[in-house]
Amino acid sequence: MQTLREAKVGSTVKVVKISGSGPIKRRIMDMGITKGAEIYIRKVAPLGDPVEVTVRGYELSLRKEDAQMVEVE
């Protein structure tokens, strides 16, 4: 299973699982990244941080650590 951090630019992926616990997991879910959500990978910064995605019709930037917690297919 790959993570959101490993997904290629220009691809659309579907969230399978969010790992992590407590407030970090809640923050990711509050941003609209929930199981079954489709995410389009827009850009990745030159050093890999942050990752810019489109989820539920809005643009969002995620840190590498947060993107690593989201498993996608």
Side-chain angles (χ1 to χ4, degrees):
M1 195 65 56
Q2 73 174 351
T3 64
L4 189 57
R5 180 178 175 188
E6 299 162 347
K8 303 294 180 205
V9 174
S11 64
T12 301
V13 294
K14 188 174 182 178
V15 177
V16 175
K17 179 183 172 186
I18 300 172
S19 56
S21 62
I24 297 170
K25 184 175 181 178
R26 170 55 50 196
R27 185 169 47 106
I28 291 171
M29 292 175 70
D30 286 345
M31 288 188 269
I33 300 174
T34 57
K35 186 176 179 181
E38 290 193 356
I39 300 175
Y40 173 70
I41 314 302
R42 298 191 68 220
K43 294 187 242 181
V44 177
L47 297 176
D49 197 15
V51 177
E52 189 173 311
V53 299
T54 301
V55 59
R56 300 186 189 272
Y58 67 94
E59 296 172 7
L60 178 67
S61 292
L62 291 170
R63 297 180 304 193
K64 286 191 289 189
E65 296 85 24
D66 295 342
Q68 188 70 35
M69 293 184 212
V70 181
E71 293 183 17
V72 296
E73 63 179 1

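All heavy atoms count here, side chains included; hydrogens, waters and symmetry mates do not.
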Please report the interatomic distance CD1(I39) to CG(L60), rounded to the nearest 0.5 Å. 8.0 Å

Pairs under 3.5 angstrom only: tabulate donor-acceptor contacts from the side chains of residues 8-18 to other protein residues two or more places apart or in another chain.
from: S11; atom 1: OG; to: K8; atom 2: O; distance (Å): 2.6

Could you check whether any side-chain heavy atom of Q2 comes within less than 4.5 Å of a side-chain heavy atom of V72, counting everything from C-beta outward? yes

Side-chain atoms of residues 41-56: list all donor-acceptor pairs with protein atoms under 3.5 Å, sequence neighbours left out, distances to 0.1 Å.
from: R42; atom 1: NH1; to: E52; atom 2: OE2; distance (Å): 2.6
from: R42; atom 1: NH1; to: E59; atom 2: OE1; distance (Å): 3.1
from: R42; atom 1: NH1; to: E59; atom 2: OE2; distance (Å): 3.0
from: D49; atom 1: OD1; to: K64; atom 2: N; distance (Å): 3.0
from: R56; atom 1: NE; to: G32; atom 2: O; distance (Å): 2.7
from: R56; atom 1: NH2; to: T34; atom 2: OG1; distance (Å): 2.5

Measuring only between side-chain heavy atoms, which start at C-beta, is R27 closer than 4.5 Å to D66? yes

d(M69 CE, R5 CZ) to nearest 0.5 Å is 11.0 Å

